[in-house]
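Keep in mind it's a predicted model, so treat the numbers as computed, not measured. Residue numbering restarts at 1 for every chain, and letters A, B, ... go by the order of the sequence lines.
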Protein chains: 2
Amino acid sequence: MSIERRAWEVVLQNIELDLLSGRLRPGDHLPPERALAAELGVGRSSVREAIRVLEVLGLLRTSAGSGPTAGAIIVALPGGGMSALMRLQVAAQGFPVSDVVKTRLVLEASVVTELAEASAQASSTMDANASLHPDLTTPELLLCAMESPALTEGEFLALDAAFHLALATASGNQVVTATMAGLRSAIEGYVRAGATSLTSWPDTSARLRTEHRAILGAIEAGDPPAARSLVQSHIAGYYAETHLANHLPDLFANDHTDANGHPVAR
Amino acid sequence: MSIERRAWEVVLQNIELDLLSGRLRPGDHLPPERALAAELGVGRSSVREAIRVLEVLGLLRTSAGSGPTAGAIIVALPGGGMSALMRLQVAAQGFPVSDVVKTRLVLEASVVTELAEASAQASSTMDANASLHPDLTTPELLLCAMESPALTEGEFLALDAAFHLALATASGNQVVTATMAGLRSAIEGYVRAGATSLTSWPDTSARLRTEHRAILGAIEAGDPPAARSLVQSHIAGYYAETHLANHLPDLFANDHTDANGHPVAR
DNA sequence: TGTAGCGTGTGGTCAGACCACACCGCCCGA
DNA sequence: TCGGGCGGTGTGGTCTGACCACACGCTACA
């Protein structure tokens, strides 16, 4: 079955096998395109197509020139690829925006629940090993930064995104972190557009600030149900308040298909 | 900022904008590569690199020849791209296997909870509209197929994957469905390798069958907590029983970093 | 009227060329 | 002897042109 593949697929598979076998590890250089092409018996353009795919997927970084920093280097940065994938799938209507928001809700709830549980466990065992305590320094700093009244809507939303992402990072699950980053970037445009349709941005931003504090408080207090509930109403509340709600009448309903049983196009 | 981009990025951005603006919709044909290259003032190879990325991301399908079925067609199949991304990120050690399993646990729990809630709601309202009831026909059929004692391990695991995916599909969330498909394919190799290290495959497969029936039963009975609990122990149990457990000592712990705070290479 | 065969347009691939860039080392001047 | 400037060299980035395989659709022939 491995015959009859397109040339660039051969290259991609070859690199994947090298990764799986450990012949290639993060930080390593890929062979030069010309060498790879000769080695695999394909044209250089086919090699480039495979490399381009890996680059977009966040697996490697390319740069021209010479020396140790040049060439194609394995990096395995999951966020970039996830963002591109989610963004394009939403653009091509493969992912309904409502599903993106729902999924974000699920993951975010899981993150804060886990963080609160870890926090409670660390407190109850009274252990001196501080490493059991999740590191919430970054989220706290971001909350402080969001207090500034001089922030524009865009700056505030960027900090908001960073806050939620920092919580995911603190939970330590790289898959969840990358997925949440992708989900966020996929609906970035909708979030920003929704902000402009608010009746009062100062009111909303003040509420968001309060809710952020409450979420972080529940985590630090080791109260998983509260943290979960707070984060769910926080996210759902924002989407309900913004114009985005017009596109998401069914965020908490179950009929997300039309009369024919097909997903409703939004 | 749009200047100074690489040629293939210009092409990619152009197509993304066409998707966002609705100029391109699922089912549409992309212009021929040569025409697109001329229109955007880039070489054909650059166009091909962008198209290749979109193809791997599951956004379009290409085929040679002439006629309405040929060319590059927007399809927006989310599963393929997600699988490639997850698989490669795991291969390149960007995603620890333990995080993949944990994320699968979160999503799967959310799926069955939602299904059970929908089932309960549909029953309690006694509504004649059967569409409120999630369609569990496919999972049921898969369970029947798994009863066959003649199945090999590989066939059984394939049906198992299809069963879990069918549950996600029944929940109607395309993002979750695609993500779960990606997560599963990312650890496919580990799952299969783990199966060979079992003390007794007949015993394990019998247990899996029973657990599947119990999960589906809890969903149909409209018992969300039971469904959630059953699916979590189902997944965690399998990974604990297989050799995979050696690689996942911390599936439910929080220390997935080494002494230096870096992710543990697995 | 039916069908076999060719024209045409498409993606798939390759080879070769050129450019920009970044390092590396030689060479020349102080 | 030491220092800096400058070209060589290897890399990715891009373009061009060519050829192939394929599938459709039309035409010409039986």
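- Whole-Å rounding puts the B:L60 CG to C:dT10 P distance at 16 Å.
- The shortest distance between side-chain heavy atoms of B:L88 and A:E16 falls below 4.5 Å.
- Nearest heavy-atom pair, B:M180 versus B:H164, reported as atom, atom and distance to 0.1 Å: CE-O, 3.8 Å.
- When distances run from any side-chain atom of A:R6 to the nucleotides D:dG13, C:dG12, D:dT14, the shortest one goes to C:dG12.
- Rounded to whole Å, the distance from NE2 on A:H29 to C1' on C:dC23 is 12 Å.
- Taking only side-chain nitrogens and oxygens, B:T62 never comes nearer than 4.0 Å to OP1 or OP2 of C:dT10.
- Checking D:dC15, D:dA23, C:dC18 against the side-chain heavy atoms of A:R34 singles out C:dC18 as nearest.
- Between B:R52 and B:E55 there is a salt bridge, since at least one side-chain N of the basic residue sits less than 4.0 Å from a carboxylate O of the acidic one.
- Between the P atom of C:dT10 and the CG atom of B:L30 lies a distance of 12 Å, rounded to the nearest Å.
- At the heavy-atom level, A:R52 lies under 4.0 Å from the strands shown only through sugar-phosphate atoms.
- With rounding to whole Å, B:R5 atom CZ is found 21 Å from C:dA20 atom P.
- When rounded to the nearest whole Å, the span between CZ of B:R61 and P of C:dG11 equals 12 Å.
- Comparing B:A72 and A:R44 by the nucleotide of DNA chain C whose heavy atom lies nearest to each, the residue mapping closer to the 5' end is B:A72.
- In this structure, the CD1 atom of A:I73 is 14 Å from the P atom of C:dA22, given to the nearest Å.
- At whole-Å resolution of the value, CG in A:L40 and P in C:dC14 are 10 Å apart.
- In the set D:dC24, C:dG11, C:dC23, the nucleotide with an atom closest to the side chain of A:P68 is C:dC23.
- Between B:R48 and C:dG12, a side-chain N or O to OP1/OP2 separation shorter than 4.0 Å is present.
- Under a 3.5 Å cut-off, the side chain of A:E9 and the backbone N or O of A:A50 do not form any donor-acceptor pair.
- Comparing C:dG11, D:dT11, C:dC14 by their nearest atom to the side chain of B:E33 picks out C:dG11.
- Residue contacts for B:S45: at a heavy-atom cut-off of 4.0 Å it reaches a base atom on one of the strands shown.
- Nearest nucleotide to the A:A64 side chain, out of D:dT14, D:dG12, C:dT10: D:dG12.
- Among the atoms of the strands shown, none is found under 4.0 Å from any heavy atom of A:A70.
- Side-chain N or O atoms of A:H29 include one that pairs as donor or acceptor with a backbone N or O of A:P68 at under 3.5 Å.
- As judged by a 4.0 angstrom heavy-atom cut-off over every strand, A:G43 is placed among residues touching the sugar-phosphate backbone only.
- Using a 4.0 Å cut-off, no side-chain N or O of A:S63 falls inside it from OP1 or OP2 of C:dC21.
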